[in-house]
Amino acid sequence: MLLYKKMSSGLPPNLTYFMQRLQGVSTSHFKVFPQNTGSQTANKIIRFELPSNSLMNLRSIRILFNASAVSAGAGSSRLPNDTRSFIDRMAIYMGGVLVQNSFSNYNVLVHAQKALGADRCTDTTLTHQEIVRATSYHNGAALTTSETYSTPDVQLAITDFLGFLGSAEPSIIDSGIFPQITLEITLADNVICPSITSAAATTLPTTSTTGGFCDTSTAGSSYTLDNMTLQLEVLGMASSMLDEVVAQRISQVGYLSLPFKQYFSFSSTHNNTSRFNINSASWSKAWVCWRAAANSSAAAPQAVAGHKIAGAFVSATAVTQAAIANTSTNTTIPVQALATTQDMGKPQYDLGGTYNTNSERYVARCFNFEEVNATPTTTPTTFQLQINSANYPAYKLTVPEVYTLTMNSIDIYDKSRMMTLDQYRKNFFVQCYRFDLPESSYSRVASGLDTRASSAQCAIVTENITANTPCFIFCECDSELRVANRAIELIN
C-alpha cells in the first residue's frame, strides 16, 4: 500500500486508486455540566472543564440549554436570531494559562461574518436562526409577552464556535498531553433581546423600522438560560499508532504545533478616524462593522430591506371555484367553496418578491450593521485603512469598491446567498481586509503581516460617516499553540 501511494504520489487524487484502513476505532459522547449551576442571566460567567486523557473532537462541541426572554415592563420580548448572540466573551484556559483571547463582542463578530455569508454554522434547527413574531418556529406555540423554551425536549444549542474550538488543526486532540482545558463563557447584555410594545403588537411593520412588530418598547427585555450542558464526541483507538506518531514528532522538534485563529477586538465612537494597534506574528484579516448609535440600547427587531412589511391582498369572503371538466379522464371536478384567502404582507421591492424577498426577515437592532451616511443624497461615504501611516489600499474606497474588496478577502462564503446593495448598506454593512495569501487557513500557512517589532498603529479613516457612529474592529490573527508533556507555549 505504502509503495503504491509513493509511486502514484505525482498523480492527482481523481486518478489515484487507493484506500486507507484504520481498525479498532470507537466513538462515544460525553455530557459535561458547568461548574456554576442554576439559572444564568446577562453578564454571568459560565465555566466548563473538558475531559482529561481523552481523544476529543473539538468540532463536535455544542452547548444545549433552555432559554426564555421576558419583558422588563408592559411590553413583549423575543429571543435574538442565532444562539451565539448570547456570548459576549469566550476564553479558553489550559492549566490556568489563557490560550484563546477573551475578546469582547464575540456575538458582534459572529453576526458580522454571517452578514457576508462567511459563517460556518450550518445547523438551523436548534440555533434559532430567525426572530419569532407571533408563532414559535421552534415548538409551534403561539407567543404573547415572552418567548420561552423550558422543557428538555425543546432545548436550543450553540454550535460552531469561533477561535480555538472552531479552527484548531488538527481538530481531534489528545487532552492527555494538555494541561486541564477550561472553557469560560461570559454572557451578553440583555440588549440582544428584541423588545416590542405589547403582546398585541404582532402585526407586520408599516415600514422597515417601525409599526406593528417593529415598534420599540422602552421597557427593555431580559433573558435566562437554564439546564446548560456541554456535549462532545470522544474517540478511541485500539492501536498505539497515534501515540507513536505524537512521541516521534515531539522527539524530532520538541513539541506539537496546533495553529488556530485568534481574535482581538476594538470598539470606538467613530468621528472620521478610529485608531487601534495590533501586535501579532501573522495578522491575516481585519473585520470592520458599523451600527447606528440608537441601536446600542433596547430596541425592537428591524425588518431587512426588501422583505415583507404591512400591506397585502385580503379576501373577506370565501371564493367559489366553478366546476372544471377534465377531458383526459372524462370526469368533472365539482364546484368548491374555498376558505377565505389572504397573502399577509408585501415585499418592499417589487411585489413578485425579487431576490427571495417574498418572506419576512428580521434582525436584532444591536446586530443590524448599516452605512450611517451623514448626507446620503449629496456626498458618498469613503473608507480607507491605514497601517503605520501606509494606506491600504492606496485609494479611497466607495461602498461598491469596499464590498468587492471584502468579498475578495473572504476565503469561503455562501455563493447561493442573495443580497442586494441596498440590503448591504442598510442591514449587512461589514467590511473585511485580507493581508495573507488566499485560503491560507486551509493549508495551515501563517502568511499574514508580522507586526511584532512595530506593534502596528492602524486607523480606519472615513469621509461623510455620521459623527459618533459605533464602530467595531476585529483583528483575525494566526496563532500557534505548542504542546509537549502538558507544557504549553503560545505564539500570537
Side-chain angles (χ1 to χ4, degrees), residues 41-44 67 69-73 75-90 103-116 119 121 127-133 147 156 158 162 185-197 205 208-210 213-225 263 265-270 274 287-305 361-372 423-431 465-466 468-474:
T41 55
N43 304 312
K44 292 288 185 67
V70 297
S71 175
S76 301
S77 181
R78 297 293 183 265
L79 293 173
N81 49 314
D82 201 317
T83 49
R84 292 172 295 176
S85 301
F86 292 114
I87 302 177
D88 179 63
R89 295 172 178 264
M90 191 178 78
F103 67 97
S104 60
N105 296 307
Y106 176 102
N107 47 11
V108 175
L109 177 58
V110 165
H111 283 270
Q113 294 185 351
K114 188 175 180 178
L116 298 174
D119 178 40
C121 182
T127 53
H128 200 272
Q129 288 298 312
E130 300 294 341
I131 294 177
V132 177
R133 182 165 58 87
E147 184 179 1
L156 299 172
I158 299 175
L162 298 178
I185 293 175
T186 303
L187 296 180
D189 191 78
N190 285 320
V191 72
I192 64 171
C193 291
S195 178
I196 56 180
T197 52
S208 62
T209 57
T210 61
F213 185 58
C214 290
D215 274 344
T216 301
S217 168
T218 57
S221 303
S222 63
Y223 68 89
T224 303
L225 307 183
Y263 295 92
S265 65
F266 309 88
S267 59
S268 69
T269 302
H270 186 79
S274 289
W287 300 82
V288 184
C289 46
W290 310 83
R291 183 175 72 192
N295 293 346
S296 300
S297 56
Q302 178 164 321
V304 174
R361 188 179 181 187
Y362 305 97
V363 292
R365 293 283 181 91
C366 61
F367 302 126
N368 187 77
F369 308 120
E370 58 183 292
E371 175 199 11
V372 191
Q423 291 172 338
Y424 178 65
R425 280 190 154 105
K426 294 178 179 177
N427 306 108
F428 309 116
F429 197 60
V430 178
Q431 298 148 15
I465 286 286
T466 302
N468 301 320
T469 295
C471 175
F472 300 89
I473 303 168
F474 301 91

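Model, not experiment: these values are computed from the prediction.
Taken to the nearest 0.5 Å, the CG atom of N43 stands 8.5 Å off from the OG1 atom of T186. In this structure, F369 CZ and L116 CG are separated by 9.5 Å, a value rounded to the nearest 0.5 Å. Here the CD atom belonging to Q129 is positioned 10.0 Å from the CZ atom belonging to R361, to the nearest 0.5 angstrom. Interatomic distance, CD1 of I192 versus CD1 of I87, reported as 10.0 Å (0.5 Å rounding). Considering CD of E370 and CZ of R425, their distance stands at 12.5 Å, rounded to 0.5 Å. Residue Q113 holds its CD atom at 5.0 Å from CG of L162, rounded to the nearest 0.5 Å.
The closest side-chain heavy-atom distance from I185 to F86 is not below 4.5 Å. In this structure, the side chains of W287 and I473 stay at 4.5 Å or more apart for every pair of heavy atoms. Side-chain atoms of N107 and R84, non-hydrogen and from C-beta on, never get closer than 4.5 Å to each other. Two residues are said to be in side-chain contact when any heavy atoms from C-beta on lie closer than 4.5 Å; D88 and N105 meet this criterion. Using a 4.5 Å heavy-atom cutoff, the side chains of D215 and I196 are not in contact. At least one side-chain heavy atom of Y362 sits less than 4.5 Å from a side-chain heavy atom of R133. A 4.5 Å side-chain heavy-atom check between T209 and R365 finds at least one atom pair inside the cut-off. In this structure the side chain of C193 never reaches within 4.5 angstrom of the side chain of V70, judged on heavy atoms.
Put simply, the side chain of S265 never gets that close to the backbone of F103: no donor and acceptor are under 3.5 Å apart. Q423 places a side-chain N or O within 3.5 Å of a backbone atom of A305 that can act as its donor or acceptor partner.
Heavy atoms only, all atoms of each residue included: R291 and C366 are closest at NH1-O, 2.8 Å.
Shown are H111, K114, H128; of these, the side chain to side chain donor-acceptor pair (under 3.5 Å) with D82 is made only by K114.
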